[in-house]
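First up is the structure itself, then whatever we jot down about it.
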Protein chains: 2
Amino acid sequence: MAKKELTLDTEQKIKAAAKEVFLRNGFHGAKVKDIAEAAGVNIALMNYYFRSKEQLFEMIFMETFLSFFGRMITLFNEETPLEVKIWKIVDQYTDFVIENPLMPVFVLSELQKNELTFFKQLNLPTLLMESYMAKQLREEAALGNIREIEPLQLLATLMGNIVFPVIARPMIKHIGGLDQEQYNQFLIDRKQITPRMIMAFLRDR
Amino acid sequence: MAKKELTLDTEQKIKAAAKEVFLRNGFHGAKVKDIAEAAGVNIALMNYYFRSKEQLFEMIFMETFLSFFGRMITLFNEETPLEVKIWKIVDQYTDFVIENPLMPVFVLSELQKNELTFFKQLNLPTLLMESYMAKQLREEAALGNIREIEPLQLLATLMGNIVFPVIARPMIKHIGGLDQEQYNQFLIDRKQITPRMIMAFLRDR
DNA sequence: GTCTATAGAGCGATAGAC
DNA sequence: GTCTATCGCTCTATAGAC
């Protein structure tokens with residue numbers, strides 16, 4: 001039992017180290033030596049647990065993508081009124097990307113470079129179209145409360161406004177001459193701008 | 001003279017090939033062998049013209065970043081009325097990223113991984129704050145025509161709405177179950193959504 | 001389960017012929 | 001200017017000892 005715990009511990013330590021190195025450097029920029037060093041083990045042990053760099057990467061990528069996308073879908077499915085929900089999504093997803101600043105560019109740039117088989121097997125269209133958010137948008141538009149909008153357009157708008165400033169962090173910081181604290185404040189300020197903008201659009205006809 | 005033209009030709013051929021390979025695969029994913037093959041020359045000749053992979057990359061990156069960012073700043077400086085300009089920026093910058101779909105993720109992900117000295121030397125803050133757009137936003141807000149907004153927030157909003165859907169292309173296509181044509185139409189549809197949304201926000205107080 | 005040592009392939013860069 | 005041949009290094013993976 002103590003043996004089993006120790007095993008899990010090493011495995012988790014390698015996985016955590018791999019996640020850190022992959023997210024910072026991407027698949028090709030990450031070297032197995034860096035991962036082994038960050039985990040405090042040697043390369044042989046890494047391959048004992050995970051067989052190859054590719055397999056380790058696929059596991060990390062899958063988990064990271066599901067976290068990145070799943071978090072948004074969970075928020076889409078909250079059964080609160082539309083306007084309340086949009087404010088909440090922006091607030092919570094902003095906090096989420098502030099805590100995981102390397103996640104968006106990692107997920108999106110690896111997705112552009114690789115052909116990831118697991119990704120194609122996910123039934124993402126259904127997840128979006130059958131979300132509570134999609135139902136709400138249809139109903140509110142039918143009632144004439146808001147303008148019609150495709151759920152995918154709303155998703156892209158939300159993500160664009162929340163996630164882009166994180167993807168573009170070095171550029172934003174440099175253009176604005178911001179230090180880390182000012183940059184975080186810049187993201188926090190967007191918690192007001194983004195939902196106001198989306199609601200103004202939905203109501204404006 | 002004919003000799004000189006031939007020289008430039010080979011140099012340009014290598015550079016064009018390098019740009020293609022770097023944009024598709026990033027610095028670490030791009031192999032000098034791939035670039036040489038794409039250019040129809042051998043590795044020795046590449047190094048004859050550009051000395052090293054690093055130097056070739058830096059040249060490509062610099063040009064690409066200046067194109068990506070400069071295009072937006074040029075549009076910011078057009079001396080047309082605010083609303084007209086916002087519509088025009090969205091229209092033209094959308095066309096620009098549709099024509100250069102790999103540019104955004106390349107620029108932003110390499111910027112996150114590397115410490116690029118040339119980048120830090122650029123005086124980007126001045127370019128933005130002294131743009132005609134910044135002046136317009138101050139004046140229109142003082143007149144009470146629009147809500148106050150920092151130029152950097154407007155820049156992030158515009159880029160987020162235009163560029164993010166391109167960065168997230170594989171994800172958007174898969175979530176929406178879109179083929180290439182439907183995906184392009186999705187981007188075109190945003191030419192209406194984004195400026196309407198921004199104007200609704202600026203006017204809504 | 002963890003280590004050392006090393007295999008074997010691939011990488012970027014260059015010497016030297018033409 | 002352009003090529004072939006090759007160097008020296010780094011990379012990932014594995015064999016084998018403990």
Side-chain angles (χ1 to χ4, degrees), chain A residues 1-62 106 109-110 113-117, chain B residues 1-62 106 109-110 113-117:
Chain A
M1 200 53 173
K3 216 174 187 176
K4 177 86 186 212
E5 271 165 24
L6 191 65
T7 300
L8 283 176
D9 229 284
T10 301
E11 190 169 345
Q12 288 309 117
K13 219 167 56 182
I14 294 171
K15 214 166 135 181
K19 184 163 184 171
E20 200 196 303
V21 175
F22 277 135
L23 261 77
R24 196 172 52 245
N25 301 325
F27 178 77
H28 289 291
K31 306 302 169 190
V32 294
K33 182 172 151 274
D34 300 336
I35 297 173
E37 273 172 19
V41 300
N42 56 51
I43 295 175
L45 198 56
M46 260 193 55
N47 283 316
Y48 170 76
Y49 282 108
F50 297 99
R51 243 193 86 75
S52 75
K53 182 187 176 184
E54 266 81 8
Q55 287 201 19
L56 182 51
F57 176 80
E58 274 171 34
M59 182 175 301
I60 300 287
F61 181 84
M62 189 173 75
F106 169 74
S109 83
E110 295 298 329
K113 285 167 196 160
N114 305 311
E115 282 297 316
L116 293 152
T117 46
Chain B
M1 199 56 173
K3 215 175 188 176
K4 176 87 185 210
E5 271 166 23
L6 190 64
T7 300
L8 281 175
D9 229 285
T10 302
E11 191 169 344
Q12 288 310 116
K13 220 168 55 181
I14 294 171
K15 214 166 135 182
K19 183 163 185 171
E20 199 195 304
V21 175
F22 277 135
L23 262 79
R24 196 171 52 245
N25 300 326
F27 178 77
H28 289 292
K31 307 300 169 191
V32 294
K33 183 173 151 273
D34 300 337
I35 296 173
E37 272 173 19
V41 300
N42 56 52
I43 295 175
L45 199 55
M46 260 193 55
N47 282 317
Y48 170 77
Y49 281 109
F50 297 97
R51 246 194 85 74
S52 73
K53 182 186 176 184
E54 267 81 8
Q55 287 202 19
L56 182 51
F57 176 80
E58 273 170 34
M59 180 175 302
I60 301 286
F61 181 85
M62 189 173 76
F106 169 73
S109 82
E110 295 298 330
K113 284 167 198 162
N114 305 312
E115 281 298 316
L116 293 151
T117 48

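Each chain gets a letter, A, B and so on, in the order the sequences are listed, and its residues count up from 1. This is a predicted model, so every value here is computed, not measured.
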Please tell me if the side chains of B:M62 and B:E58 come closer than 4.5 Å, counting only heavy atoms from C-beta onward.
-> no

When all nucleic acid strands are considered with a 4.0 Å heavy-atom cut-off, which category describes B:A36: base, sugar-phosphate, or nothing?
-> nothing

Base, sugar-phosphate, or nothing: which does A:E54 touch, judged by heavy atoms less than 4.0 Å apart?
-> sugar-phosphate

For A:K13 and C:dG1, give me the distance from atom NZ to atom C1', rounded to whole Å.
-> 12 Å

Which nucleotide in C:dT2, D:dC3, D:dT14 has an atom nearest any side-chain atom of A:Y48 | C:dT2

Side chain of A:L45 only, please: which of D:dC11, C:dG12, C:dG1 is the nearest?
-> C:dG1

Choosing from C:dA13, D:dT12, C:dT4, which nucleotide comes nearest the side chain of A:N42?
-> C:dT4

Using a cut-off of less than 4.0 Å, is there contact between a side-chain N or O of B:K31 and OP1 or OP2 of C:dC11?
-> no

Given the rule in the ring pair (Phe, Tyr, Trp, His ring centres under 6.0 Å) test, do B:F106 and B:F22 qualify, once you have shown the distances and angles that lead to the verdict?
-> CA-CA 8 Å; B:F106 169 73; B:F22 277 135; 7.2 Å; no

Closest nucleotide among C:dA13, D:dT12, D:dG1 to the A:I43 side chain | D:dT12

Nucleotide nearest B:V41 when distance is taken to its side chain, options D:dT12, C:dG12, D:dC3 | D:dC3

Does the pair A:E11/A:K15 count as a salt bridge with the N-to-O cut at 4.0 Å?
-> no

